[in-house]
Structure formats: structure tokens, C-alpha cells
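Okay, structure first, notes after.
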Amino acid sequence: GVFQIMAKMVRRTCAFCPEGEAGSVMYIAKERNIAAHQHCLLFSSGFVESEEYNPENLDIRFDVASVLKELKRGKRLVCNFCRKKGATVGCEERACRRSYHYFCALCDDAAIETDEVNGVYRYLTKYFLIIPMQLWSGSLLYKGMWFCVLTVRIDFLRKCKQAGLLDDIFEEMLDTLHLAQEKLMDDNTSETEYEETVMSLFDCGLFENILTNIHSGTEEKIQELLESRKRLDNKIELLQDLKEVV
């Protein structure tokens with residue numbers, strides 16, 4: 001029979017990178033003017049290594065046609081970190097719709113799993129949910145919980161609501177915020193407690209979001225006052241002209 005020989009990517013290593021670096025190994029196809037990092041290929045969700053892949057011969061690990069197909073798929077995907085297209089790396093959790101470039105996933109604290117023996121290359125998106133747990137010696141303590149997708153948070157809160165715990169949770173949150181407010185307003189608060197309270201407020205994300213909203217409202221208020229001042233200046237000018245006439 002007639003067998004079609006698929007064009008292969010040629011393995012190369014960057015001469016400037018330290019040995020073993022994720023970005024040091026690249027694959028090149030000169031005839032199609034393509035170059036790709038090994039890990040960008042391995043972690044791309046829609047990419048499969050060549051069926052002819054032999055662990056003892058890394059030079060024929062990827063075929064050009066598959067790389068071109070994955071590049072085409074990536075043109076429709078926007079990275080959740082840099083907001084640019086070409087994000088072919090998808091989260092292992094099916095419910096998670098986030099996509100990244102490989103190195104962007106690392107910058108966004110993704111959990112990378114590599115198993116070269118079994119050919120497993122995957123990652124999980126990490127979201128750090130901060131939950132106030134208790135007060136001890138006047139300091140705010142938090143317990144970190146990692147969740148992969150937003151749906152987990154939504155289901156969790158829905159269950160809390162069904163169990164009648166949502167009001168209790170918000171009351172606890174308000175008590176925690178009131179205590180933080182008292183410490184920040186109290187001139188007798190120690191510098192250490194003050195720093196811990198400020199860090200806790202910013203770590204939970206709520207404080208910074210509120211500041212952003214206040215900033216937006218401030219800008220709108222400034223514009224309103226400027227417009228009002230402009231109208232008053234016009235009135236003053238008219239009254240001065242009228243005074244001269246009189």
C-alpha cells in the first residue's frame with residue numbers, strides 16, 4: 001500500500017537557557033516557518049503527540065499538521081491572563097472555561113502536573129478563596145481554600161442558603177469588618193495589629209473593590225461639581241454685567 005509520511009517538527013534546544021528549563025526545548029519546522037516551545041505543545045488541550053512517537057527518539061515527537069491544526073484552534077481562544085489570542089492550554093476541570101498560554105498559566109499560579117512516563121501533561125486553575133474563620137488575640141485569622149472553578153463557589157453558597165446559614169455567615173462577616181474598623185480607628189492599636197488588619201482587608205479583595213467603586217464615584221462627583229461651577233461662573237459673570245448696567 002501507499003503510506004503518507006507526515007512532516008515532523010525538529011527538536012532544538014536554546015543555547016542560552018539553563019539545562020532542564022521548561023522553555024529551553026523547542027520544535028521547529030523550517031518549511032512552514034513554525035517554532036514552538038515543547039511545553040506549549042504538550043499542555044495544549046487539543047494537541048495529541050504523534051502516534052509514531054518513540055521516547056527514545058524525541059526528534060519525531062510532533063507532526064507539523066497537528067501543530068498547524070492546534071494553532072488554528074488557538075486563534076479563537078483568548079488568554080485569561082494576558083487577554084491575547086492563542087490560549088490553547090485549558091484547565092483539566094471540565095466545568096472551567098478558562099484558557100491560557102502555557103507561561104501565562106504559570107504566572108497565574110496554575111497547578112501543573114507532568115508525568116512523562118504516562119504522557120500526562122495537564123494543569124488546574126487555582127482560585128484562592130479567603131474565608132474568615134475566627135478571632136484570636138484581636139487578630140484576623142483566615143483559612144485558605146483552593147477551588148478550581150466558580151461553579152463550586154456558587155453551589156457552596158446555594159447550599160448555605162438552603163441550610164439557612166447565609167444570614168449567619170453575613171452577620172459574622174459584618175462583625176469581623178466592624179472589629180477591623182474599630183482597630184483602624186483606635187489610636188491605641190499597636191502597629192503590628194494595624195498592619196495585620198490592613199493586610200487582611202486587602203487580601204480578601206472586598207476592600208480593594210470598594211475603593212475602586214469609590215474612586216469611580218469620586219470621578220463622577222468631580223465632573224458634576226466642575227459642571228456646576230461652570231454654570232455658577234456664568235451666572236456670576238451675568239450678574240456682574242447687570243450690576244455695571246444698573
Side-chain angles (χ1 to χ4, degrees), residues 74-87 91 96-101 103-110 125-133 135 138-142 144-147 149-154 156-158 160-161 166-246:
K75 290 181 179 179
R76 304 190 302 268
L77 302 173
V78 178
C79 178
N80 279 80
F81 184 78
C82 70
R83 309 308 302 175
K84 295 179 181 179
K85 293 183 179 180
C91 182
C96 183
R97 299 299 180 185
R98 282 172 162 74
S99 296
Y100 291 89
H101 302 100
F103 291 101
C104 287
L106 296 181
C107 293
D108 206 30
D109 296 328
T125 306
K126 284 185 177 180
Y127 297 93
F128 194 57
L129 180 63
I130 303 295
I131 301 178
M133 297 300 294
L135 295 172
S139 301
L140 294 175
L141 297 182
Y142 291 85
M145 299 176 63
W146 290 102
F147 291 101
V149 288
L150 181 61
T151 52
V152 176
R153 299 179 181 180
I154 295 174
F156 173 75
L157 286 179
R158 283 176 176 166
C160 289
K161 180 180 178 181
L166 203 55
D167 289 337
D168 294 335
I169 291 174
F170 275 95
E171 287 181 5
E172 183 70 21
M173 291 172 64
L174 290 174
D175 290 341
T176 303
L177 289 174
H178 287 152
L179 181 60
Q181 181 183 12
E182 291 176 1
K183 289 193 171 297
L184 294 176
M185 296 296 293
D186 190 355
D187 294 334
N188 296 322
T189 301
S190 67
E191 189 66 23
T192 301
E193 289 181 330
Y194 197 92
E195 291 178 358
E196 290 178 353
T197 304
V198 171
M199 290 180 63
S200 298
L201 285 173
F202 277 95
D203 285 344
C204 71
L206 179 62
F207 191 64
E208 190 171 355
N209 291 337
I210 292 174
L211 287 177
T212 302
N213 293 334
I214 291 176
H215 173 71
S216 300
T218 302
E219 290 293 330
E220 294 177 0
K221 189 65 176 180
I222 290 174
Q223 291 300 321
E224 290 179 2
L225 291 173
L226 288 174
E227 292 294 330
S228 178
R229 178 180 177 179
K230 185 177 180 180
R231 290 193 296 270
L232 288 174
D233 289 341
N234 291 333
K235 288 184 179 180
I236 291 173
E237 186 177 353
L238 290 173
L239 289 173
Q240 288 177 342
D241 292 341
L242 181 59
K243 179 180 177 181
E244 292 178 1
V245 172
V246 172

**OP:** Kindly write out the residues that satisfy ring-ring contact (aromatic ring centres under 6.0 Å, His included) with F103, not counting sequence neighbours, or none if the list is empty.
**Re:**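 Expected list: H37.
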Measuring from [X]:[atom1] to [Y]:[atom2], what's the distance to the nearest 0.5 Å?
{"X": "K243", "Y": "D241", "atom1": "NZ", "atom2": "CG", "result": "12.0 Å"}
{"X": "R231", "Y": "L226", "atom1": "CZ", "atom2": "CG", "result": "10.5 Å"}
{"X": "D233", "Y": "L238", "atom1": "CG", "atom2": "CG", "result": "11.0 Å"}
{"X": "L179", "Y": "L184", "atom1": "CG", "atom2": "CG", "result": "9.5 Å"}
{"X": "K161", "Y": "D167", "atom1": "NZ", "atom2": "CG", "result": "10.0 Å"}
{"X": "I236", "Y": "R229", "atom1": "CD1", "atom2": "CZ", "result": "9.5 Å"}

What residues, two or more places apart in sequence or in another chain, satisfy side-chain contact (heavy atoms from CB on, under 4.5 Å) together with [X]?
{"X": "E195", "value": "E191"}
{"X": "R83", "value": "V78, N80"}
{"X": "T189", "value": "K183, D186, E193, Y194"}
{"X": "C82", "value": "C79, K84, H101, C104"}

